A.B. asks: 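Handing you a structure now.
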Amino acid sequence: MSIFVPMQKTGKESASVLLDQLNDAQRAAVEFCDGPSLVIAGAGSGKTRVLTYKIAYLLEQGLPPFYILALTFTNKAAREMKSRIAELVGEKRARSLWMGTFHAIFSRILRNEAEAIGFRSNFTIFDSSDSNNLIRLIIKEMNLDDKLYRPGPVHGQISRAKNSLITPAMYAANEEILQYDRMAKRPHLFEIYQRYQNRLRSGNSMDFDDLLMYTNILFRDHAEILEKYRNQFQYILVDEYQDTNFAQHLIVKQLADIHHRVCVVGDDAQSIYSFRGANIDNILKFKSNFNETQIFKLEQNYRSTQNIVNAANSLIKKNSEQIFKDVFSENEPGEKIEIRGAFSDFEEGLIVSNKIARMRMEEHASYGDFAILYRTNAQSRIFEESLRKNNIPYRIYGGLSFYQRKEIKDVISYFRLIVNPDDEEAFRRIINYPTRGIGDVTVGKISAAAALHQVSLWQVLESPLTYNLDINTGTARKLADFQSLIADFIDKNSQMNAFELAQEVIRNSGIAKEAYEDMTPEGMSRTQNIQELLNAMNEFVATRQEQGEENNQLVDFLSEVSLLTDQDTDKEGENEKVTLMTVHSAKGLEFDHVFVVGMEEDLFPSAMAKSEMRGLEEERRLFYVAITRAKKTCTITHARSRFRNGVTNPAVASRFLKDIDPKFLSTDSQLGGEISYPSQADDFWGSMRAERLQKQERSISSPNRVTPVQRTTSTLPLSKEAKELEVGHLIEHERFGRGVVTSIEMGGNDRRAFVEFESAGKKQLLLKFAKFTIIGSTGNNR
DNA sequence: TAACACTTGTTTTTT
DNA sequence: ACAAGTGTTA
């Protein structure tokens, strides 16, 4: 049975014209619409193309846009897909599609159905720092050891529970989990979870994971509501399915359970979010979860050169769990992947920025064609410096997003409290910001009274007498002032638009005054940020008015903002800049020239992931993602020493470099080309590090702390050969063969020799690494 | 209560 | 190195 009304040619493009623009595999995937389908899309194989054309195809078949649910991984992906669909079928139809992230779509649905699960539709959404703050507070209230119970890990555990749909009650009843917590010396976790969840609920708020968990609870407990959305979402598409978690999987499963018209797209080789609860089994076992699943494989890579594709293939082959596929490229063979070993992280920065400058001239590339990808955000700094020195414009993604900044969170907290006065986190944030003489003691009293009477902090503030708040008259006056300030805003919220109200808030709350008086550079920048927030609100309000939606502006603005990431905010005029970002955030993007930097043990793969096989395989997939972002060239760098956490540590090249078939690599290195494949030098570093770690451990208990070695590298004894080496010597190098030493340089503690090799040309050798023998002298040494 | 110095952990990735 | 959290002083 087909749900589709007879085909009608409404748009400029008919369905057949759409299909003409696809290859066979893509077309097959687009055309199959009458059952569950799994599209395994290799890197660069036109996954997004399939999704957009499939949606356009469905629309062309006559399916109304609001019957289609399309779930993406980021807001940006949704936006881009929407605009591409708009080009195919027109703006109007594209706009009515239900397209967005799981979190965005289901927060919208939860707002509509909030009453059914005991919330009000104006609930606030906690970001992870809000969550951590609340957890920290609960730990303190429970008098638990805050060394054992840290907000981050505790939140992580709660998050994992929620993503597996384990409610606090289920958690407390699960002997296995309790046993695990006892072993981890955290027997009270279940209680923290319980209290945390109660607090969120009494503040009419949800964290990220709640959006998914409560959607499941909503569907589980309200058959009629589930039925309603099942009927509405006649066709469901999910992008990046390899990165969905159990809660997300179950939502999709339930919505698609009757009609089975669901298409999930993903690549198991690119599953990189298990730390967030993503379950690679969702895609590996999709076939067994949905009967009669059709599987389509997109294997032709249109993005990268053959060399890049082949190199990436040889890498990912080292993983055990995966769906077989044969990704290939018919583009030109292209250049080999270049591996460069740097002496230090500082030099790594120079190598990369120099190469960018050079390639830009030689290949007539634009800065926007380059990306520097790293494992951790902390690595960005060194590249920023070297790029700045070279006058290369760049743009950093990630790190602290605009909406995470303190001044922005403070202002936003006013909005949150206006929309939802029960929001405890917002309340605590601003009750004394700007300072109005209400300190910790008073807040503590309010909090205690609220807990005693099972009401929110705001309710206590509204009628302090009712809840026997024990405060002096001066404090009572201040509290009343604050209360009427917010009450006044709440009142105004129904009279003016969100932008006007925001201006009012800035003016009347004292934020404006404080900002005005603070003339420090940091203060000025804060003021600027607040102005930027106002601009964003103005734009939001204008857009909404254009679309004829005047109501609930502030709620919707907050909702949108709390689910926004830095990735989503694309600024104008940022095209001519080198992109710096983590590999994670590069997912789904592509660049002509990619630099994958910091390929070192304990960094990539990260020290955390090493212990488990699964973790290691995920890191390898992450590396795979990094390489496959490149269209034309890929350069991989690593440093032999790295400055981290205030000290310089020796670093060993990543084991993953060995996983790539050497025939796709070029190892032309100015440092003697010594990729640190396991060698004597590495063993040496290895033992050095082990020793150092032991020392650090000991130093924790000992009062006279062992000062960490500042420049460990200098302690490496030079070989006899290296010490004796002089200008004019003829040497035989392990890799470069014969050469003459032209000069020797003392770079700090590091002796370097410049050598003219017979076949390999001019090279710079670091004497403590280089492996060579002196075979004679040319006689012209001084 | 507010401002300041001191201590502590942090660095894996993010909707 | 750095930020955030904690404790101390005025």
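Proteins get letters first, then strands, A, B, ... in listed order; numbering begins at 1 in each. Quick caveat: nothing in here was measured; it's all calculated off a predicted structure.
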A.B. asks: Nearest to the side chain of A/E619, heavy atoms from C-beta on, is which of B/dT12, B/dT14, C/dG5?
C.D. replies: B/dT12
A.B. asks: Name the closest nucleotide to the A/S606 side chain, picking from C/dG5, B/dG9, B/dT12.
C.D. replies: B/dT12
A.B. asks: Under a 3.5 Å cut-off for both contacts, is B/dC6 paired Watson-Crick or G-U wobble with anything, and if yes, with which nucleotide?
C.D. replies: C/dG5
A.B. asks: Over how many whole Å does the gap from A/I139 atom CD1 to C/dG5 atom P extend?
C.D. replies: 13 Å
A.B. asks: Students often get this wrong, so: under 4.0 angstrom with heavy atoms, is A/T442 touching a base, only sugar-phosphate, or nothing?
C.D. replies: sugar-phosphate
A.B. asks: Given B/dT11, C/dC2, B/dT13, identify the nucleotide with an atom nearest to the side chain of A/T582.
C.D. replies: B/dT13
A.B. asks: Regarding A/K409 and A/D130, does a basic nitrogen lie under 4.0 Å from an acidic carboxylate oxygen?
C.D. replies: yes
A.B. asks: With respect to the side chain of A/R150, which nucleotide from C/dG5, C/dC2, B/dT10 is positioned closest?
C.D. replies: B/dT10
A.B. asks: Taking A/E407 as the fixed residue, which of A/N529, A/I511, A/L533 is the one that meets the side-chain contact (heavy atoms from CB on, under 4.5 Å) rule?
C.D. replies: A/N529
A.B. asks: Could you tell me whether A/Y273 contacts a base, only the sugar-phosphate backbone, or nothing, with contacts defined as non-hydrogen atoms closer than 4.0 Å?
C.D. replies: sugar-phosphate
A.B. asks: Stacking between A/F275 and B/dT13, defined as ring centres under 5.5 angstrom apart with planes under 30°, is that present or not?
C.D. replies: yes
A.B. asks: Where each residue is assigned the nucleotide of DNA chain B containing its nearest heavy atom, which of A/A104 and A/G439 is assigned the position nearer the 5′ end?
C.D. replies: A/G439
A.B. asks: Categorize A/K587 for me: base, sugar-phosphate, or nothing, with a 4.0 angstrom heavy-atom threshold over every strand shown.
C.D. replies: nothing
A.B. asks: Whether A/N432 contacts B/dA2 is assessed here as follows: a side-chain N or O lying under 4.0 Å from the phosphate OP1 or OP2. Is that the case?
C.D. replies: yes
A.B. asks: Can you work out whether A/A609 or A/R436 has the more 5'-proximal nearest nucleotide on DNA chain B?
C.D. replies: A/R436
A.B. asks: Considering only side-chain heavy atoms of A/F643, which listed nucleotide, C/dA1, B/dT14, B/dT11, is closest?
C.D. replies: C/dA1
A.B. asks: Starting from P on B/dT10, measure out to CZ on A/R381 and report it in whole angstrom.
C.D. replies: 19 Å
A.B. asks: Determine, for A/D410 against A/K406, whether the closest basic-nitrogen to carboxylate-oxygen distance falls under 4.0 angstrom.
C.D. replies: no
A.B. asks: State plainly whether the residues A/D145 and A/K185 are in salt-bridge range, i.e. N to O under 4.0 Å.
C.D. replies: no
A.B. asks: As a test of reading the structure: which of B/dT14, B/dT1, C/dG5 is closest to the side chain of A/N377, going by heavy atoms?
C.D. replies: B/dT14
A.B. asks: With a 4.0 Å cut-off on N to O distance, would you call A/R428 and A/E424 a salt bridge?
C.D. replies: yes
A.B. asks: When you get a sec, tell me which of B/dT1, B/dT13, B/dT11 is the closest nucleotide to the side chain of A/M608?
C.D. replies: B/dT11
A.B. asks: Expressed as a whole number of angstroms, how long is the span from A/I431:CD1 to B/dT1:P?
C.D. replies: 11 Å
A.B. asks: NA contact type, A/V583, heavy-atom cut-off 4.0 Å: base, sugar-phosphate, or nothing?
C.D. replies: nothing
A.B. asks: When you get a sec, tell me which of B/dT11, B/dA2, C/dT6 is the closest nucleotide to the side chain of A/K140?
C.D. replies: C/dT6
A.B. asks: Please determine, for the side chain of A/S585, which listed nucleotide (B/dA2, B/dG9, B/dT14) has the closest atom?
C.D. replies: B/dT14
A.B. asks: Whole Å only: how far is the CD1 atom of A/I272 from the P atom of B/dT14?
C.D. replies: 9 Å
A.B. asks: A/D130 CG to B/dT14 P: how many Å, rounded?
C.D. replies: 18 Å
A.B. asks: By the 4.0 Å heavy-atom rule, please label A/F73 as base, sugar-phosphate, or nothing.
C.D. replies: sugar-phosphate
A.B. asks: Would A/E141 and A/R199 pass as an ion pair if we require N to O under 4.0 Å?
C.D. replies: yes
A.B. asks: How long is the line joining CZ of A/R136 and P of B/dT8, in whole Å?
C.D. replies: 16 Å
A.B. asks: Are A/R436 and A/D481 close enough for a salt bridge, meaning some N to O gap below 4.0 Å?
C.D. replies: no
A.B. asks: How long is the line joining CZ of A/R642 and C1' of B/dT12, in whole Å?
C.D. replies: 14 Å
A.B. asks: Please report, rounded to the nearest Å, how far the P atom of B/dT11 is from the CZ atom of A/R375.
C.D. replies: 12 Å
